[in-house]
Structures are given as C-alpha cells and as structure tokens.
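Worth knowing before you read on, the calculation uses all heavy atoms, side chains too, and leaves out hydrogens, waters and symmetry mates. A note on names: the letters A, B, ... follow the listed sequences, proteins ahead of strands, and every chain is numbered from 1.
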Amino acid sequence: MYQVLTNRLREALAGHIHEKYGVELAIVLERPPKIEMGEAASPVCFELAKRLKRAPRQIAQEIANGLGKIEGIARVEVAGGGYLNAFFDRRGFWEALRQAEAKGPAGMPALRTEKIIVEHTSINPNKAAHIGHVRNSVLGDTMVRILRHTGNRVQIQNYIDNTGVQVADVVIGFLQMEKVTPVWLKNRAMEPKFDYYCWDLYAKATNFFAEDKARAEKLRGATLRAIEEGQGEDAEVAQVVADAIVTCHLRTMARLEIHYDLLARESEILHLHFWDAAFEMLKKSGAIQLATTGKMAGCWIMPWKEEVKEGKKVEEKNEKAEDDENMQDKIIVRSNGTVTYVGKDIAYQLWKFGLLGKDFHYRKWPNAPEGHTVWATTSDKDDPGAPHFGEPAATVYNVIDARQAYLQKVVAMGLQALGHGKAAEQSIHLSYEIVALTPRCAAEMGYELSPEEAKKPYVEVSGRKGFGVKADDLLDKLEEATLAEVQQRHAEMRADEQKRTAHAIAVGALRFFLLKFTRSSIIAFDFKDALSFEGETGPYCQYAVVRIRGIRRKGAEVGATNVEVTAENVGQFLAGVEGNGLWQLLAAAGSLDYAVDAAIATQEPAFVAKYAFQLAQEFNNFYHKHHILTEADEQKRAFLLRLTELVEAQLVRALSLMGIEAPEKM
RNA sequence: GCGCCCGUAGCUCAGUUGGAUAGAGCGUCUGCCUUCUAAGCAGAGGGUCGGGAGUUCGAAUCUCCCCGGGCGCGCCA
C-alpha cells in the first residue's frame with residue numbers, strides 16, 4: 001500500500017514540475033525520520049533550486065500550493081529548508097489496506113508471462129550439506145518466494161555436478177581406499193546418514209591425495225574420464241553416490257521448506273552433447289580461439305575483454321601483455337580436449353535462455369521428499385507428463401558465492417560474444433559471501449586453531465577437510481533447543497503439536513539468521529547467535545504473530561470480535577498526535593510492498609527480514625501500550641482488534657516470503 | 001601485479017537511486033509479570049561512520065589518494 005501511494009505521489013510531482021517548470025526530474029522520495037513529519041518526503045526542491053536559481057523553500061511552497069489533490073494523500077507541506085512532506089490520508093489508508101486484505105491473493109497483479117529461472121543450492125553431490133550451502137539455498141528460495149509473490153512465473157533449478165572432481169574423489173575413496181563392492185555401496189547408500197559417511201570419506205580421500213600427488217593425479221584423471229563417459233564400475237559407483245547424496249540434500253532442504261522444480265544434471269549436459277553444440281557456436285563466432293603458442297598452446301581460450309561502458313570502449317590496455325599470454329584469458333577446452341566447468345556452464349546457461357537449440361529429456365526424481373514432485377534431466381526417454389522446462393527464460397538468477405564472480409563473468413561474456421547481449425544482461429549472478437565460523441565455534445567443533453587463526457574474526461569452513469557445521473546437525477540442535485522450550489511453556493500441548501511448533505521455530509530461527517545479513521556480509525557463524533531466540537530473530541517475529549493469535553482466540557471467546565467500526569471512528573482513532581502511535585503501526589503494516597520492491601530491485605532479501613522485524617517491534621510496542629480486550633470503549637476495542645488482524649496478515653505474509661511459518665502458540 | 005568486496009557503538013550488523021538530529025540487536029546498568037504468553041516492554045550509557053582531499057546547497061553514501069582486512073586471477077570446480 002505504501003508503495004502505491006508513493007508511486008502516485010512521485011508521478012504527480014514529476015508531472016507537476018514538468019508542467020510548471022519544464023524540467024524532467026527523477027523524483028527522490030524518502031521516509032521522514034519521524035511520523036510527525038509525514039510518511040514520504042521529497043528533497044526535489046533542492047535540486048530544482050539549483051536549476052531555477054531560486055530559493056528551495058520558495059519553490060517548495062509554490063509546489064505545495066499548486067499541486068492538486070492526490071488520491072490517498074491528505075496534504076503536502078513544506079518543511080525544513082525546502083522539503084516537501086506528504087501526509088497520507090490515514091482513514092483512506094486503513095480502508096484501502098483492509099480492502100486489499102479482503103480480496104486476498106486474488107488482488108495480486110496478473111501473472112506475468114515471462115519465465116524466470118532461479119538456480120540455487122547446486123551442491124556437489126559427494127557429501128552432506130553444510131551451513132554455507134544452506135545460506136545459498138535460503139537466499140535462493142526466498143528470492144523465489146518474493147518473485148512469485150509479485151506475480152512472476154519462476155522455475156527453480158538445482159544444478160547437479162554429478163560428473164565432477166568432487167564426486168570422483170569420493171568414488172576413489174570407496175573403490176581404492178575402502179575397497180568396497182558396488183553391491184555393498186548400493187546397500188549402504190540406502191541407509192540413513194549416507195551423506196555423513198561420504199563427508200568423512202571425502203576428507204580422508206583429500207588426505208590420501210595429499211600423500212602422493214602423482215598418484216592422485218593419475219587416479220583422478222582416470223576416474224573422471226570414466227565417469228564422464230558413463231562407462232564401467234567407476235561410473236556406476238559415481239551415479240550411486242551422486243543420486244543418493246542428492247536425495248539426502250533434498251531431504252535436508254525439505255526440512256527448511258525448500259523445494260525444487262528441476263534437477264539439472266551435468267551428466268546430461270555431456271551425454272546429450274550440449275557442450276558439443278555450444279562448442280560449435282563458440283568456435284564459429286570466434287568467441288573462443290585455439291591458442292597456438294605460449295603455455296596455453298593447444299587450449300581453446302576465451303580472451304578477456306575490457307568492459308564496454310556506455311557505448312565508449314575503454315582503451316585496450318593489454319597491448320604489451322599481448323605478445324605472451326593474457327593472465328585473464330580463460331581456458332574453456334584443455335589441450336587434452338576435455339571441457340572445463342565454465343564451458344559446461346556456458347552451454348547450460350545458453351539452454352536456460354533457449355539459445356542452444358537443444359533440450360534435455362525429463363523424468364521424475366524417484367526419491368522426492370514426501371508430497372513433492374521433483375523432475376530431473378535424463379538421457380533416456382521422456383516422461384510425457386513433464387513440464388516444458390526447455391521454454392526460454394527471460395531472466396536467470398544464479399545463486400553462487402562471491403568467490404566465483406570471475407567465472408560468472410566469463411560465462412556472461414560467452415553469451416555476449418555469441419551475440420546474446422540481452423541474455424548476458426539478464427543473467428544475474430546473485431552473489432553472496434561465505435559462512436565462516438567464529439574461532440570459538442571452530443574450537444568447539446574440535447578444530448585446532450593456529451595462533452593466527454585464533455585472532456581472526458572467523459575461520460573458513462572446508463568441505464575438503466571435512467570441517468564445517470553440517471546442516472542437519474544444526475537443525476537437530478535447533479529443534480532440540482526449541483522443543484525443550486516449547487515443552488516447558490506448553491505442557492498441555494500434544495506431543496506431535498509440540499514437535500511441529502518446535503520445528504517451525506527452529507526453521508524460523510535459522511532462516512531468519514541467514515537472511516538478516518546482507519549478501520555481501522560474511523557471516524561468522526556461532527551456535528550462540530544461531531540458537532538465540534531473542535532480539536532480531538525469527539522467533540521474535542513469530543512471537544508477535546502468536547501474541548496476536550492469542551488475542552484473537554480470547555477475543556472470540558468473549559465475543560469481542562463482532563463489532564463493526566464506523567469510518568468516522570476509524571478516522572478519529574488515527575487522527576492527530578494521539579493517533580500517531582496507532583497510525584505508525586498501521587503504516588508499518590501497510591509497507592510490505594515497499595520492502596518487497598526494495599528486495600527485488602536490489603536482489604536483497606534482507607529487506608524483507610528487516611521489515612518483518614520492524615513490524616514485529618512496532619507491534620510489541622503497541623501491545624504494551626494498549627490492552628485490547630479490556631478496552632472499555634467498544635468501538636476502540638473493535639478497532640484495535642481489526643488493527644492487530646491487519647498486522648498479523650502482513651507479518652505472516654512477510655514471514656512466509658522468507659519460508660517461515662508462524663505457529664499458533666509458542 | 002591486476003580485479004572485486006569490506007572497514008559505521010564494546011561485539012555483530014542495518015543505513016534503498018547523495019538528503020532532516022547516523023539506527024537496530026547483543027552485551028552492560030536500572031526498572032516492569034495477581035492483567036491479551038516476559039521468546040516481551042520502557043529507560044540509561046555507548047560514535048573522529050578507517051584516515052585525508054575533492055565534487056555538492058547537502059556525503060556514512062559519489063570521485064581520487066592512503067591505511068587496514070578478505071576474496072579472486074589454475075589445462076580445479
């Protein structure tokens with residue numbers, strides 16, 4: 001609602017200024033520091049003063065007088081040195097918000113026809129998921145929810161690198177180190193915690209390779225080739241491992257309410273010759289070149305081009321470095337003819353935009369979490385019921401950590417070089433920083449810190465070394481802690497209800513914890529912070545909802561909910577200085593669209609987390625000032641009840657955008 | 001060496017395209033539960049926004065330089 005009004009105000013101001021002064025200006029709007037100063041303010045007159053060479057306050061006065069009535073805005077005043085402060089029509093805001101709420105999701109904008117792909121999770125299928133992977137999945141999943149909320153058609157993809165080095169390492173671990181048979185492995189893979197087993201084995205394999213580099217290279221090369229070709233025992237074992245681990249990951253993510261539409265597997269990129277098609281295109285267009293001299297001789301490389309900014313070419317500054325090799329050039333095909341990860345990713349990215357001229361075959365993933373259908377790519381025959389995954393996307397979000405920024409740039413450059421500038425532009429690297437551990441947390445995990453590490457603010461996790469906080473362990477710990485708390489508070493609750501509640505709180509705590517930081521912030525993980533349920537946390541927000549529901553339940557019991565509030569009374573309760581407190585809560589409730597727009601514009605889900613927390617905070621503040629059910633004035637009581645219902649609806653929605661459920665009691 | 005990111009209260013972080021007196025949580029201290037759940041609320045204390053210069057009516061935000069930290073730049077992914 002807030003965004004609707006500010007957009008209206010923006011248009012009105014722009015139009016008026018253009019008409020009166022003949023100046024085209026982008027209207028900047030900000031939120032005044034205090035509610036007494038209105039709900040939206042524009043410093044546009046300062047800019048205008050410069051152009052018109054007149055005093056800003058004078059111009060502001062002129063505009064305030066000349067600007068006609070804007071629907072939903074009661075008045076526009078001049079403030080400070082020349083601010084234009086807009087005051088919303090409080091009663092109108094109330095009514096509009098209630099109407100929108102009554103309409104429900106049907107009142108959402110019409111579904112857009114373009115397709116958006118969000119790729120997230122994409123964990124190497126050779127070990128259990130850790131906390132860093134969860135940040136990826138939670139960010140991606142939340143982005144999906146926000147995009148869908150605003151009427152976008154979104155498809156969720158999870159890329160499975162089932163033919164890569166990491167899987168190969170575990171295969172070697174099983175076959176060369178543990179010397180197990182494929183039959184044994186198939187049985188073990190069905191048992192619980194197979195991902196934990198591989199977690200340890202992967203660490204062991206890393207050590208094994210470190211002992212003898214030459215042996216490692218030979219084994220890896222042979223295993224990798226076998227897996228890529230899909231032949232023999234190595235390939236068979238690799239598929240058993242990768243499939244079983246993917247199923248583990250799906251189960252872990254399902255605990256966090258994260259699901260996928262399609263598992264895009266690298267094996268199909270190879271077997272269905274996606275790469276061959278992309279390779280031809282890249283060669284033909286000259287996007288990649290065969291290096292004939294230097295240390296990259298025999299490789300197909302993509303030359304690094306300086307960016308073209310606003311039409312003007314930045315000077316090619318690598319004239320001198322040209323004679324030998326450019327450090328930035330990226331090898332796409334190795335001299336032995338095998339393709340690098342980036343090459344495969346270019347092919348995959350081309351497919352996402354429908355530019356490859358090829359499509360996968362699709363089948364249902366056999367071990368999807370209960371109640372969900374997940375599709376996977378296959379080289380075999382199509383399931384006729386499969387959705388049309390090959391439909392070109394207009395925009396693609398790739399949720400990948402910040403360390404891979406360079407590679408993502410190379411991929412986009414590949415699209416650009418093939419003449420797909422639009423696709424390159426709509427190929428968005430949703431970058432985020434890593435989750436590390438505080439030194440204290442690392443020590444808790446049994447990791448021996450060097451004196452230097454102990455002084456640093458964080459220690460990086462390493463899947464290779466088997467060092468990190470596993471997602472399932474963390475969830476178990478959270479659920480244990482929340483369950484103990486719920487049992488203590490609600491002994492009367494049925495056991496399964498207690499468990500469900502504890503689960504919801506655990507998920508709320510974890511998801512909120514990962515979302516409250518902006519993407520560029522490194523999270524130094526600590527159990528103490530993650531297990532905290534007070535202050536700026538998910539449970540704090542959930543608790544506000546629970547309080548409202550408590551009031552509603554009790555209100556219904558005593559029959560306080562059936563009174564209709566007259567429009568006049570609504571206006572009166574919200575009016576003036578006395579109404580400021582209530583109005584502030586109402587305005588906060590009506591500002592979800594503002595947070596959502598900001599989240600999409602900046603691809604920063606943290607805006608929604610911030611919003612939910614602030615609304616919960618406003619509510620708690622209100623809760624302590626007003627005792628609703630004992631309010632003597634029947635009209636006022638009914639009004640306060642309606643107000644809390646509005647808050648509840650918005651807060652529940654904000655939480656659901658983050659994949660957080662608000663329990664009935666907690 | 002080149003490129004990207006970061007530096008804001010004791011700690012962890014917000015601060016939207018430059019805007020009004022720089023905010024929140026945690027921690028510390030002081031209060032508030034016979035009243036809709038205290039996973040809560042109120043209050044106090046806490047700042048050269050890393051440093052310097054510049055652009056601007058206006059800079060935590062933009063530009064440049066410097067300091068400090070992180071990451072990337074591999075025939076790994």
When you compare [N] with [M], how far apart are their [atom1] atoms, in angstrom units rounded to a whole number?
{"N": "G10(B)", "M": "U28(B)", "atom1": "C1'", "value": "9 Å"}
{"N": "C4(B)", "M": "G27(B)", "atom1": "C1'", "value": "34 Å"}
{"N": "G7(B)", "M": "G15(B)", "atom1": "C1'", "value": "15 Å"}
{"N": "U16(B)", "M": "C11(B)", "atom1": "C1'", "value": "26 Å"}
{"N": "C41(B)", "M": "C62(B)", "atom1": "P", "value": "34 Å"}
{"N": "C26(B)", "M": "G45(B)", "atom1": "C1'", "value": "15 Å"}
{"N": "G25(B)", "M": "G69(B)", "atom1": "P", "value": "32 Å"}

Looking for any heavy atom pair under 4.0 Å, which part of the strands does [X] touch: base, sugar-phosphate only, or nothing?
{"X": "I505(A)", "value": "base"}
{"X": "R553(A)", "value": "nothing"}
{"X": "D345(A)", "value": "nothing"}
{"X": "A49(A)", "value": "nothing"}
{"X": "V546(A)", "value": "base"}
{"X": "D169(A)", "value": "nothing"}
{"X": "V486(A)", "value": "base"}
{"X": "A297(A)", "value": "base"}
{"X": "T644(A)", "value": "nothing"}
{"X": "G550(A)", "value": "sugar-phosphate"}

What nucleotide, of [options], holds the atom closest to the side chain of [X]?
{"X": "R334(A)", "options": "C36(B), G70(B), C76(B)", "answer": "C76(B)"}
{"X": "Y540(A)", "options": "G70(B), C36(B), G40(B)", "answer": "G40(B)"}
{"X": "N620(A)", "options": "C41(B), A24(B), A20(B)", "answer": "C41(B)"}

For E661(A), give me all partners under salt bridge (Lys or Arg N to Asp or Glu O under 4.0 Å), at least two apart in sequence or on another chain.
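Here no residue qualifies.
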Does R489(A) have any salt bridge (Lys or Arg N to Asp or Glu O under 4.0 Å) partners at least two apart in sequence or in another chain, and if so, which?
E485(A)
Establish, with yes or no, whether the OP1 or OP2 oxygen of [N] is under 4.0 angstrom from a side-chain nitrogen or oxygen of [X].
{"X": "Q617(A)", "N": "G25(B)", "answer": "yes"}
{"X": "Y341(A)", "N": "C75(B)", "answer": "no"}
{"X": "Y623(A)", "N": "A38(B)", "answer": "yes"}
{"X": "R547(A)", "N": "G40(B)", "answer": "no"}
{"X": "N621(A)", "N": "A42(B)", "answer": "yes"}

Which label fits C33(B), syn or anti, where anti is any glycosidic angle not within 90° of 0?
syn
Rounding to an integer number of Å, can you tell me how far [X] [atom1] sits from [N] [atom2]?
{"X": "R403(A)", "N": "A77(B)", "atom1": "CZ", "atom2": "P", "value": "15 Å"}
{"X": "F619(A)", "N": "A38(B)", "atom1": "CZ", "atom2": "P", "value": "11 Å"}
{"X": "K528(A)", "N": "G27(B)", "atom1": "NZ", "atom2": "P", "value": "7 Å"}
{"X": "K456(A)", "N": "G69(B)", "atom1": "NZ", "atom2": "C1'", "value": "9 Å"}
{"X": "F513(A)", "N": "C26(B)", "atom1": "CZ", "atom2": "C1'", "value": "12 Å"}
{"X": "K636(A)", "N": "C36(B)", "atom1": "NZ", "atom2": "P", "value": "19 Å"}
{"X": "Q404(A)", "N": "G72(B)", "atom1": "CD", "atom2": "P", "value": "10 Å"}
{"X": "K330(A)", "N": "A77(B)", "atom1": "NZ", "atom2": "C1'", "value": "9 Å"}

side-chain hydrogen bond (donor to acceptor under 3.5 Å, both in side chains) partner of Y159(A), chosen from E119(A), H120(A), E266(A):
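Only one option passes, and that is E266(A).
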Can you confirm whether more than 12 heavy atoms, excluding those of [X], are under 6.0 Å from its [atom1] atom?
{"X": "E217(A)", "atom1": "CD", "value": "no"}
{"X": "R220(A)", "atom1": "CZ", "value": "yes"}
{"X": "E664(A)", "atom1": "CD", "value": "yes"}

Any N/O pairs under 3.5 Å between the protein and nucleotides 13-17 of chain B? List them or say none.
| residue | atom | partner | partner atom | Å |
| --- | --- | --- | --- | --- |
| C13(B) | OP1 | I522(A) | O | 3.0 |
| A14(B) | OP1 | T518(A) | N | 3.0 |
| A14(B) | OP1 | T518(A) | OG1 | 2.0 |
| U16(B) | N3 | Y594(A) | OH | 2.3 |
| U16(B) | O4 | Y594(A) | OH | 2.5 |
| U17(B) | O4 | L29(A) | O | 3.3 |

May I ask you to say whether [X] pairs ionically with [Y], meaning some side-chain N is under 4.0 Å from a carboxylate O?
{"X": "R403(A)", "Y": "E460(A)", "result": "yes"}
{"X": "K456(A)", "Y": "E453(A)", "result": "no"}
{"X": "R31(A)", "Y": "E39(A)", "result": "no"}
{"X": "E497(A)", "Y": "K665(A)", "result": "no"}

Please round to the nearest 0.5 Å and tell me the distance separating atom CG of D161(A) and atom NZ of K344(A).
6.0 Å
Kindly indicate, with the supporting measurements, whether the criterion salt bridge (charged side-chain N to carboxylate O under 4.0 Å, His left out) is fulfilled by E536(A) and K516(A).
CA-CA 8 Å; E536(A) 196 175 349; K516(A) 74 174 178 179; 5.1 Å; no
Every protein N/O lying under 3.5 Å from an N/O of nucleotides 54-62 of chain B:
none

Does P33(A) or E536(A) map to a spot on RNA chain B nearer the 5' end, using the closest nucleotide for each?
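The residue whose closest nucleotide sits nearer the 5' end is P33(A).
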Starting from the 5' end of RNA chain B, give me the residue, H626(A) or S335(A), whose nearest nucleotide shows up first.
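Counting from the 5' end, the first nearest nucleotide belongs to H626(A).
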Anything under 3.5 Å between a donor and an acceptor, one on a side chain of residues 48-57 of chain A, the other on a protein residue two or more places apart or in another chain? List them.
| residue | atom | partner | partner atom | Å |
| --- | --- | --- | --- | --- |
| R51(A) | NE | E47(A) | OE2 | 3.4 |
| R54(A) | NH2 | E62(A) | OE2 | 2.6 |
| R57(A) | NH1 | G80(A) | O | 2.4 |

Cation-pi between R135(A) and Y432(A): NZ/CZ under 6.0 Å from ring centre and within 45° of the ring axis?
no
Does NZ or CZ of R215(A) fall inside the cone over F208(A)'s six-membered ring, less than 6.0 Å from its centre and within 45° of the axis?
yes
Any stacking of H627(A) on U35(B), going by centres under 5.5 angstrom and planes within less than 30 degrees?
no
If pairs are Watson-Crick or G-U with both distances under 3.5 Å, what is the dot-bracket string of RNA chain B, marking crossing pairs with [ ] and pairs to another strand with |?
(((((((..((((.....[...)))).(((((.......))))).....(((((..]....))))))))))))....
